[in-house]
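The next block holds one structure in the form of structure tokens; read it before the comments.
Since we're looking at a predicted model, the values are computed, not measured. We use all heavy atoms of the structure for the numbers below, so side chains are in, but hydrogens, waters and symmetry mates are not. Numbering of ligands and ligand atoms starts at 1, following listing order. Note that the numbering runs from 1 along the sequence shown for the chain.
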Amino acid sequence: MGEELKKTIKDMVVVGKGILAADESVGTATKRLASIGVESTEETRRQYRNVMLTAPEIEKYICGVILFEETLHQKSNNSILFPEVLRKKGIVPGIKVDQGLADFNGSAEQYTKGLEGLRNRLEEYKKAGTRFTKWRAVYSVSENTPSEKLIARNAADLAKYAKICQEHGLVPIVEPEVLIDGTHSIDECYKATEKVLKAVFDSLKKENVMLELSILKPSMVISGKEAQNRAGVDEVAGKTVKCLKATVPAGLPSINFLSGGQTPQEATAHLNRMHTLGEKLPWYISFSYARALQDPALKAWKGREENVPAAQKAFLKRARLNSLATMGKYAEEMEN
Ligand code: 13P
């Protein structure tokens, strides 16, 4: 099992490359398609996946793709199962294994469902060719949140999930997302993220999860979306790295950020700046974006076959710029 996990980490932690999160649930995919006036059906969702997953030379920038269960069994326009499309390009297919959010003890907060029956589902996902998994927990920032109770519950569940996945030879991506929604300051985000990450790593240790065979997918330390005087690129990059250094053990191989509602340009600029701070980083720092990689492509595509080349071009542009950002080689002028 250890060798299998090691090989997956080796294939997924590659300088200049990152992960595409193409694992929107049916509900989220439906929202994304509605934004371009396209009805969400199994077929339109397949077409949407086909745009990204068959983009020419995606493998230059992307080493892993997180899929949603439905996509595992769907085929490209060339009638090849999507996990196989990826495998042929040397990209590791992965799968979202949590089952979304539910109310937490009648409070305003939400925890993540999906531990029940997880082992059986993992067997199926492995048969379909996936080699890693993802589980997302969310935390809102306000006067009373995130609560200690939710922090403890999510940390315990993330650790249980990670342990079970490693037992099945699947590398776990542990995703604690401190949400950007709200008016909170960057320092409030810092405090919440620090508490959350401390609890997550305490739990992973308690469960004996092998950190060197796990990937962390955190949010950046950033001002709330509706905050006044939102922090700039230097402050976001500096405080994010500071927070990670204070909480994430050096044994972890890779940190792959989510974009969480940042604009595509912001997500790229922030990642790039972390690599130009001049600080020695004990882990590889890269991306695992969904919206920041796909939104421009979605807008260019509009659900029309004739727009696929333009959509793929828009997607590959974001993939390439984020690839450059993982090496600190991105510059704003490259947007034009
Ligand atoms: P965003 O990059 O759009 O935040 O999505 C990442 C993700 O996988 C959320 O679970």
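In the hydrophobic clustering (ILVMFWY side chains linked at under 4.5 Å, chained through shared members), Val138 is joined by Leu101, Leu179.
In summary, Arg318 and Glu335 engage in a salt bridge, as defined by a charged side-chain N under 4.0 Å from a carboxylate O. Salt-bridge annotation for Lys206 and Asp202: absent, with no side-chain N of the basic residue lying under 4.0 Å from a carboxylate O of the acidic one.
Near ligand 1, residues Ala21, Asp23, Lys134, Arg136, Glu175, Lys217, Leu258, Ser259, Gly260, Ser288, Tyr289, Ala290, Arg291 each place a heavy atom inside the 4.0 Å sphere around the ligand atoms.
The main-chain N or O of Glu59 is found under 3.5 Å from a side-chain atom of Lys17 such that the two form a donor-acceptor pair.
The heavy-atom pair separating Ala162 from Val174 by the smallest distance is CB-CG2, 4.2 Å. Shown here for Lys126 and His168, the closest heavy-atom pair between the two residues is NZ-O, 3.0 Å.
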